[in-house]
Amino acid sequence: MKKTVNLIFASATVLVFISGILSCTSVPYSRWNSSSAKIVDLVNSGGDASLSGLTSTPFLLDGEIIILEKDISMIWKNIRDSGFTFEKAFETESMPVGAGDYGYFADSMEVKTWFSKYLPEKASLVKIEAKNGLYYFILGPKKWIKVAKKEPEISMGYSFGIGPRMMMRYNGDSPDESVNKSYPSIYGFKGPVTEGGEIK
């Protein structure tokens, strides 16, 4: 009986290990994965003020160029007020983007000019696949902004010589109302789009 239990445990361990490998290999590695996840979190949490601060001008929205900062703020506010979120975003793909890739947004002279004049040197086209569609972001160099501090988490800690004790862990270095965090700057946003790149 003991031998049977050991075999079952060993088999379960192997299955967990194999499934872990398969789940890792199914998602391609990208250095932008963590950065784009931060943007998704801001959108899903209604962080329109932070998104406005991260958005560079002129901003490329679908096939239109937005110049005024107040218009950019209004766009993110409208997105928040509409209740939009990326539903169950399950994959993020990233690739370098250059002036010749304007077709991802629109095959127009206006968008072509934007790509040649305003696209940063180290820009990345990030594709976010979610339950409610496929979306494109153009992300650039990181920017530091102030974001609201999350509520402290209560966890059990252990201090040498004292033993177990309750610990307060803040999402930042101090219990201030806001903390500085780095996010990628946002140059463009489009979606939802079809596989051919057209807006649904």
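The analysis underlying the following values was restricted to heavy atoms, covering all of them including side chains, and did not include hydrogens, waters or symmetry mates.
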What one should report as the nearest heavy-atom pair of Gly133 and Pro192 is CA-CB, 4.2 Å
Sub-4.5 Å side-chain heavy-atom contact between Phe59 and Leu68: no
Give the C-alpha distance, both sets of side-chain angles, the deciding distance and a yes or no for side-chain contact (heavy atoms from CB on, under 4.5 Å) between Ile65 and Glu110. CA-CA 8 Å; Ile65 297 175; Glu110 185 179 26; 3.5 Å; yes
Enter the distance from Ile75:CD1 to Phe189:CZ here, rounded to the nearest 0.5 Å. 10.5 Å
Heavy-atom distance under 4.5 Å between the side chains of Met109 and Trp114, does that happen here? no
Atom OG1 in Thr57, atom CD in Glu69: separation rounded to 0.5 Å? 5.5 Å
Can you tell if the side chain of Val126 reaches within under 4.5 Å of the side chain of Glu93, non-hydrogen atoms only? no
Taking a hydrophobic cluster as the set of Ile, Leu, Val, Met, Phe, Trp and Tyr residues connected by side-chain heavy atoms closer than 4.5 Å, whether directly or through intermediates, do Ile67 and Val111 fall within one such cluster? yes
Please tell me if the side chains of Ile66 and Leu60 come closer than 4.5 Å, counting only heavy atoms from C-beta onward. no
Heavy atoms, side chains only, cut-off 4.5 Å: are Glu64 and Phe105 in contact? no
Is it the case that the side chain of Lys38 and the backbone of Ser182 share a donor-acceptor pair, with hydrogens and angles ignored and the cut-off at 3.5 Å? yes
Hey, is the main chain of Gly191 close enough, under 3.5 Å, to the side chain of Asp62 for a donor-acceptor pair? yes
What heavy-atom pair brings Leu42 and Ser50 nearest, and what distance separates the two atoms? CD2-CB, 4.0 Å
Do the side chain of Asp48 and the main chain of Ile79 share a donor and acceptor less than 3.5 angstrom apart? no
Joint cluster assignment, Met95 & Tyr187, ILVMFWY side-chain distance < 4.5 Å: yes
Are the side chain of Trp76 and the backbone N or O of Thr55 linked by a donor-acceptor pair below 3.5 Å? no
Less than 4.5 Å apart, side chain to side chain, heavy atoms only: is that true for Lys77 and Ser52? no
Given the side-chain rings of Phe84 and Tyr135, with only the six-membered ring counted for Trp, is the space between their centroids under 6.0 Å? yes
What one should report as the nearest heavy-atom pair of Leu139 and Pro184 is CD1-CG, 3.9 Å
So with a 6.0 Å cut-off around OH of Tyr118, is the heavy-atom count from everything else above 12? no
Do Asp107 side-chain atoms and Gly103 backbone N/O form a donor-acceptor pair below 3.5 Å? no
Do other residues, nucleotides or ligands put more than 12 heavy atoms under 6.0 Å from Lys112 NZ? no
Ignoring hydrogens, what is the shortest heavy-atom contact between Pro141 and Pro120? Give both atom names and the distance. CD-CB, 4.1 Å
For the atom pair OG (Ser185) and CD1 (Ile39), what is the distance rounded to the nearest 0.5 Å? 8.5 Å
With the side chain counted from C-beta on, respond yes when Phe137 and Ser94 share a heavy-atom pair under 4.5 Å apart, and no when they do not. no
Between Lys143 (side chain only) and Gly53 (backbone N and O only), is there a donor and an acceptor less than 3.5 Å apart? yes
In this structure, CE of Met74 is separated from CG of Asp81 (nearest 0.5 Å) by 9.0 Å
Examine Lys190 relative to Tyr136 and say whether NZ or CZ is less than 6.0 Å from the centre of the six-membered ring and inside a 45° cone about the ring axis. no
Are the side chains of Leu134 and Ile128 in touch, meaning some heavy atoms are under 4.5 Å apart? no
Ignoring hydrogens and geometry, is there a side-chain-to-backbone donor-acceptor pair from Asn44 to Asp41 under 3.5 Å? no
Can you tell me how far apart CD1 (Ile186) and CG (Leu61) are? Round to the nearest 0.5 Å. 11.5 Å
Nearest-0.5 Å distance, CD1 of residue Ile138 to OG of residue Ser124: 9.5 Å
